[in-house]
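Computed from heavy atoms alone, side chains included, the values below leave out hydrogens, waters and symmetry copies.
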Protein chains: 2
Amino acid sequence: MTAAPGLTKNQSLVFDVLSRSDAPLSAYTILDKLRDHGFRAPLQVYRALDKLLERGMVHRLESLNAFVACAHQEKECCGGHGHGTVAFAICESCGHVVEFHEHAVDHRLDDWARERKFKPAKTTIEIRGLCEQCAA
Amino acid sequence: MTAAPGLTKNQSLVFDVLSRSDAPLSAYTILDKLRDHGFRAPLQVYRALDKLLERGMVHRLESLNAFVACAHQEKECCGGHGHGTVAFAICESCGHVVEFHEHAVDHRLDDWARERKFKPAKTTIEIRGLCEQCAA
DNA sequence: ATGACACACGTTATAGCATAACGCAATTGA
DNA sequence: TCAATTGCGTTATGCTATAACGTGTGTCAT
Ligand SMILES: [Zn+2]
Ligand SMILES: [Zn+2]
Ligand SMILES: [Zn+2]
Ligand SMILES: [Zn+2]
């Protein structure tokens, strides 16, 4: 029970499932895992996910249509959950995901945007490939 | 009629629709635009898209579940359609998409992967926000 | 030619991901 | 107390993508 502050019951349940998983989960997989806890419909999951995403406690992997718990501790370099752009390395064999920051990347993309007067709202960076274990 | 070499009829039709569009299109939108040309089922679109993606003539925007024609001319800096990682700036207001390379970003991500012995297969970089026009 | 193979195509059905719209209950804050 | 907000549960629907089947066509070695 990783009780978290300010979360409703459903939000806690969803966050818990994601925290325990060592691979990204789709909303429907989460739903299945929570049927015993009274979950019956996708919206219960999506509503919880929306709030968790708002708080930065969960990230969405766009290339997978799946979700992961944020891997950061509360007090990470860039301000913990208030972090800026985050990137993911996703193993297509074992499903393992590594979340990381690359300031140089962020800054370069920021520069690109500033030069073109583009106002970034959210940036997605996802590398799919094989992790060290699976690259054999 | 942007006739392209080595493409089947369906592939040409799909590529043409994407080339003419100034915003990304979903597979189902493409389907609707091609009903007059005999398209009846999603698979006709997806099969054509698969081949176009293989050739690098079309890109998939993961955060939008949509597709765009490659913006490069045949002989771009990184080798035209054989290009490496490409990035996109997507305006959430007008839908316009700019495709670009940032070598510094590519290299930094490559370094990250090499340090961790992660073997990248495909990298997604998408910046969502507001273009200069829409940022008003 | 004939057969074997690869590949595109068309169709139907199904699977997987996400939201609209309704109404109710609990909470908060004038 | 009243109104506003937020979360919740349910049903229905919409959007995205693929499975599985069969057909036709071209290539190429036999
Ligand atoms: Zn994070
Ligand atoms: Zn792996
Ligand atoms: Zn391109
Ligand atoms: Zn715009």
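- Residues Ser63(A) and Glu126(A) have side chains that bring a donor and an acceptor to within less than 3.5 angstrom of each other.
- Around the CZ atom of Arg40(B), the shell of radius 6.0 Å holds no more than 12 heavy atoms that belong to other residues, nucleotides or ligands.
- How far CG of Asp106(B) is from CG of Asp111(B): 11.0 Å, rounded to the nearest 0.5 Å.
- Note that the first and last nucleotides of DNA chain C, 5' to 3', having any atom under 4.0 angstrom from a heavy atom of chain B are dA8(C) to dT12(C).
- Counting heavy-atom neighbours within 6.0 Å of Lys122(B) NZ, excluding the residue itself, gives a total above 12.
- Separation of atoms CD (Glu62(B)) and CG (Leu64(A)) is listed at 9.0 Å; rounding is to 0.5 Å.
- Put simply, CG on Leu18(A) and CG on Leu52(A) are 7.5 Å apart, with the number rounded to the nearest 0.5 Å.
- Using a 30° and 60° split on the angle between ring planes, Tyr46(A) and Phe67(A) fall in the perpendicular class, above 60°.
- Axis angle, first five pairs versus last five pairs of the helix from dA1(C)-dT30(D) to dA30(C)-dT1(D): 30°, rounded to 10°.
- In this structure, Lys9(B) atom NZ and dG24(D) atom C1' are separated by 16 Å, rounded to whole Å.
- Atom CG in Leu61(A) sits 9.0 Å away from atom CD in Glu99(A) (nearest 0.5 Å).
- Annotation: the span from Leu34(A) atom CG to Gln44(A) atom CD amounts to 9.0 Å, rounded to 0.5 Å.
- To the nearest 0.5 Å, atom NE2 of residue His101(B) and atom CD1 of residue Ile125(B) are 11.0 Å apart.
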In the 5'-to-3' direction, what one-character label does each nucleotide of nucleotides 9-20 of chain D receive under the scheme B = base within less than 4.0 Å of a protein heavy atom, S = sugar-phosphate only, - = no such atom?
-> BBB----BBBBB

